[in-house]
Amino acid sequence: MTVVSVKQALAGMPGEGREVTVRGWVRTRRDSKAGLSFVHVSDGSCLAPIQAVVPADLPNYQDEVLHLTTGASVIVTGTLVTSQGKGQGFEIQASRIEVPGFVDDPETYPIQPKQHSMEFLREVAHLRPRTNLFGAVTRMRHTVMMAIHRFLTEQGFYWINTPIITTSDAEGAGDMFRLSTLDLANLPRDDQGKVDFRKDFFGREAFLTVSGQLNVEAYCLAMSKVYTFGPTFRAENSNTPRHLAEFWMVEPEIAFADLGDNADLAEAFLKAIFRTVLEERADDMAFFAQRVHPQAISRLEAFIAAPFERIEYTDAIGILEKSGKKFEYPVAWGVDLQTEHERYLVEEHVGRPVVVMNYPQEIKAFYMRLNDDGKTVAAMDVLAPGIGEIIGGAQREERLAQLDARMQRFGLDAETYAWYRDLRRYGTVPHAGFGLGFERLLCYICGIANIRDAIPYPRVAGSAEF
RNA sequence: GCCCGAAUAGCUCAGCUGGUUAGAGCACCUGACUGUUAAUCAGGGAGUCGUAGGUUCGAGUCCUACUUCGGGCGCCA
């Protein structure tokens, strides 16, 4: 017997008339008094299920086949033939069907062959990959991850596995999850009565990483083109459809590069990813366009077609001030751009992706490079219609004196960042990089509205089921 | 963290200004019919209306608190 995936079988592999076996889960079953049942089987390999035509003379027809319901697992062996029915190409004329697992209580089995609300499916996160939508999102998630690795590899980047456990607050940005093996009911205390973290597992305070950037910079200043791509954690109490407490982030870092090079990379990167998904996941993209977001495909095509607009932060403020729009948050040089400002810039003023560059130094992180004007730093945000900020990046401060000055300004302890400072002492070079929130990118590609549906098991404040 | 909304069958929802035994579609079970494909048709079972209080002769409906979910904002990716 030749075991094939549903995807292969639908493509007619290994050939018409051949005996094949497919294994998967029942989507629907319809019976015909002509003496057969139609069982649609899905195995995750592609969007469409394959139809197994099961004749009533099979020995287990009455006892088993007629009791198949949505979600039951089946192993179907039969002849691959072109379908007599309308629509699909190949189907399986079954000669044998095994049922490893029925659905215990079909009436309460949560996944029905119909549309469910996203809220409901979040409550059954362990079963939602059985739906068309989450199957498609899951395949897309894999495809986008691989596309990222492939693009960066082709560009000469090395994937650096930066640590999940960290002992420094990477950017002073965001609350971190504490990691400790201390007995919470009996904490060791020092002379001042404070918790004595010298007694903790690592001999000091430890946290889950909020970014691999600082670590990856060190490898950048040796390997030239690197990236880190892994899970990151934020203990922020952010209650929005765009935030997760655990999410994946890809952070490329390039040496001998300035902010312009960084923006070039970001643009090439995003366009390459979008091209890949349109080519490799056409069936799933068509599904998203049909069922989730009508512009799912067209907006990716538009994104690829147009060059990004690049504007200075200072000019962006000028545009907003002259817009005549009433913003809830007033616009003035020195303020950070609010969601409403970004939306106006991208969706109304420019109408395509925008890179905003060179922000006031007060509103950006300590490691960003101070510009010659003494007022701004070489930071950039990539804003896109429909998503807002998708990428944040910067040219890093490679000059020790300027870095120290900024660290002091932010009240950061030079001792804690000794190794980071070393990078500026031993063969420093201009370098730059950016961070991209993977699930936000996936939301945009699939057209899904809530980031909790872009990761298999979402973790957010107050919720970590499954 | 702030503001707003929602919670009725396994799912998606209806249930007007409070008034007898709470409804529909899908799903499930039974039957009819059919190379069917979100099949169709007939019948059936299925709900202490999120929880706890309160107002009232009477509460799914009004009030309060809580819980959960969702949306907007902030923080950001």
Side-chain angles (χ1 to χ4, degrees), chain A residues 27-41 48-55 66-67 69-71 81-88 91 93 103-124 127 131-132 170-175 210-213 231-251 291 327-329 336-340 342 363-365 381-383 387-393 434-444 449-455 460-463 465:
Chain A
R27 274 291 164 75
T28 59
R29 185 198 95 230
R30 281 175 298 278
D31 307 317
S32 168
K33 276 293 177 287
L36 21 102
S37 288
F38 302 97
V39 180
H40 283 194
V41 179
I50 192 162
Q51 175 162 280
V53 182
V54 185
L66 287 182
H67 293 100
T69 56
T70 304
V81 297
T82 46
S83 180
Q84 297 173 31
K86 292 172 279 183
Q88 310 320 317
E91 66 183 21
Q93 196 70 41
V103 169
D104 267 357
D105 182 2
E107 191 171 352
T108 56
Y109 178 65
I111 308 300
Q112 299 167 13
K114 62 170 245 177
Q115 269 197 294
H116 297 87
S117 68
M118 303 295 266
E119 292 80 9
F120 171 70
L121 290 172
R122 269 170 228 144
E123 296 172 11
V124 287
L127 297 173
T131 63
N132 280 332
E171 321 178 9
D175 293 328
V210 297
S211 164
Q213 181 203 312
T232 49
F233 307 87
R234 304 275 167 94
E236 292 284 355
N237 188 16
S238 300
N239 208 327
T240 82
R242 298 176 301 282
H243 290 84
L244 291 166
E246 175 182 326
F247 64 100
W248 286 61
M249 187 156 62
V250 55
E251 299 172 278
R291 298 282 285 276
F327 294 110
E328 191 184 337
Y329 291 85
D336 206 354
L337 296 182
Q338 302 296 316
T339 304
E340 56 175 344
E342 295 178 345
I363 58 173
K364 289 292 179 181
D381 283 344
V382 179
L383 314 176
I387 17 173
E389 183 185 334
I390 187 160
I391 279 178
F434 61 82
L436 168 74
F438 180 80
E439 283 78 14
R440 286 189 181 173
L441 180 68
L442 196 59
C443 280
Y444 186 66
N450 194 311
I451 200 165
R452 295 168 199 203
D453 303 319
I455 190 166
V460 298
S463 171
E465 220 189 328

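Reminder, nothing fancy here: chain letters follow the sequence lines and each chain counts from 1. All values derive from a computational prediction rather than experimental measurement.
Heavy atoms of A:R452 sit under 4.0 angstrom from primed sugar atoms or phosphate atoms, though from no base atom. Note on A:E246: nothing from the nucleic acid sits closer than 4.0 angstrom, heavy atoms only. Looking at heavy-atom distances under 4.0 Å, A:F434 makes no contact with the nucleic acid at all. Using a 4.0 Å heavy-atom distance criterion, A:E328 is classed as making no nucleic acid contact. At a threshold of 4.0 angstrom between heavy atoms, the contacts of A:L244 include nucleobase atoms, whether or not backbone atoms are also involved. Contact annotation for A:F120: backbone-only contact, meaning every heavy-atom pair under 4.0 Å involves sugar-phosphate atoms and none involves a base. Base engagement by A:T240 is indicated by at least one non-hydrogen atom pair under 4.0 Å involving a base atom.
The gap from the P atom of B:rC3 to that of B:rG18 amounts to 29 Å, rounded to the nearest Å. A distance of about 15 Å separates the C1' atoms of B:rU48 and B:rU21, rounded to the whole Å. With both ends at atom P, the span from B:rU8 to B:rG70 equals 14 Å, rounded to whole Å. B:rG54 and B:rG47 have their P atoms separated by 27 Å, with the value rounded to a whole Å. Nucleotides B:rU37 and B:rG43 place their C1' atoms 25 Å apart, quoted to the nearest Å. B:rU64 and B:rA6 have their P atoms separated by 13 Å, with the value rounded to a whole Å. Straight-line distance between the C1' atoms of B:rU61 and B:rG72: roughly 28 Å, to the nearest whole Å.
Contact annotation: the side chain of A:N450 never approaches that of A:M118 to less than 4.5 Å [non-hydrogen atoms, C-beta and beyond]. With contacts defined as side-chain heavy-atom distances shorter than 4.5 Å, the pair A:I455/A:W248 qualifies. You'll find the side chain of A:R234 reaches within 4.5 Å of the side chain of A:F247, heavy atoms only. Here the side chains of A:I391 and A:L436 are in contact, with some heavy-atom distance below 4.5 Å. A 4.5 Å side-chain heavy-atom check between A:I111 and A:T131 finds at least one atom pair inside the cut-off.
No side-chain donor-acceptor contact under 3.5 Å links A:E251 to the backbone of A:S211.
We find that CZ of A:R29 is positioned 17 Å from P of B:rA38, with the value rounded to whole Å. A:Q51 has its CD atom 7 Å from the C1' atom of B:rU36, to the nearest Å. A:L383 has its CG atom 14 Å from the P atom of B:rC76, to the nearest Å. In this entry the distance linking NE2 of A:H116 with P of B:rC13 reads 12 Å, nearest Å. The distance between atom CD of A:Q338 and atom C1' of B:rC76, rounded to the nearest whole Å, is 11 Å. Computed from coordinates, the A:N239 CG to B:rC4 C1' distance equals 13 Å when rounded to whole Å. Taking atom CG on A:D381 and atom P on B:rC75, their separation rounds to 12 Å, with Å as the unit. Regarding A:R234, its CZ atom lies at a distance of 18 Å from the C1' atom of B:rG1, rounded to whole Å.
Every residue two or more places apart in sequence or in another chain that forms a salt bridge (Lys or Arg N to Asp or Glu O under 4.0 Å) with A:R122 is listed here: A:D453. Partners of A:T69 by side chain to side chain donor-acceptor pair (under 3.5 Å), not counting sequence neighbours: none found. Legend: residues meeting salt bridge (Lys or Arg N to Asp or Glu O under 4.0 Å) with A:R29, ordered by chain and number and at least two apart, are A:D31.
Looking at A:Q115, its side chain has no donor and acceptor atom pair within 3.5 Å of the base of B:rU12. For a distance-only test at 3.5 Å, the side chain of A:H243 qualifies as a donor-acceptor partner of the base of B:rC76. Contact of A:E119 with B:rG71 (side chain to base): no donor-acceptor pair of N or O atoms is detected under 3.5 Å. Side-chain to base pairing of A:S238 with B:rC76: no donor and acceptor N or O lie closer than 3.5 Å to each other.
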Considering only nitrogen or oxygen atoms on both sides, find all protein atoms under 3.5 Å from nucleotides 23-25 of chain B and state each distance.
unit_1: B:rG25; atom_1: N2; unit_2: A:K114; atom_2: NZ; d: 3.3

Might you list the N or O atoms of the protein lying below 3.5 Å from N or O atoms in nucleotides 31-34 of chain B, with each pair's distance?
unit_1: B:rU34; atom_1: N3; unit_2: A:D31; atom_2: O; d: 2.7
unit_1: B:rU34; atom_1: O4; unit_2: A:D31; atom_2: O; d: 2.6
unit_1: B:rU34; atom_1: O4; unit_2: A:S32; atom_2: N; d: 3.3
unit_1: B:rU34; atom_1: O4; unit_2: A:K33; atom_2: N; d: 2.9

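Between the side chains of A:S83 and A:Q51, no donor N or O sits under 3.5 Å from an acceptor N or O.
Listed nucleotides: B:rG71, B:rG35, B:rG10. Nearest to the side chain of A:T108: B:rG10. Candidate nucleotides B:rC69, B:rG70, B:rG1 were compared by shortest atom distance to the side chain of A:R122, and B:rG70 ranks first.
Projected onto RNA chain B by closest heavy-atom contact, A:T69 and A:Q112 fall at different nucleotides, the more 5' of which corresponds to A:Q112. When each of A:T28 and A:H67 is assigned the nucleotide of RNA chain B with its nearest heavy atom, A:H67 is the one assigned upstream, toward the 5' end.
Across all non-hydrogen atoms, the minimal contact from A:T28 to A:P113 is CG2-CB, 3.8 Å.
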Pair pattern of RNA chain B in dot-bracket, where unpaired bases get dots and | marks partners in another strand, Watson-Crick or G-U under 3.5 angstrom: (((((((..((((.....[...)))).(((((.......))))).....(((((..]....))))))))))))....

Between A:T339 and A:E328, does a side chain to side chain contact (heavy atoms under 4.5 Å, CB included) hold up when you go through it step by step? CA-CA 10 Å; A:T339 304; A:E328 191 184 337; over 6 Å; no

Pair A:R30, A:H40 - check side chain to side chain contact (heavy atoms under 4.5 Å, CB included), show working. CA-CA 9 Å; A:R30 281 175 298 278; A:H40 283 194; 3.2 Å; yes

Stepwise side chain to side chain contact (heavy atoms under 4.5 Å, CB included) check, A:E236 with A:H243: CA-CA 9 Å; A:E236 292 284 355; A:H243 290 84; over 6 Å; no

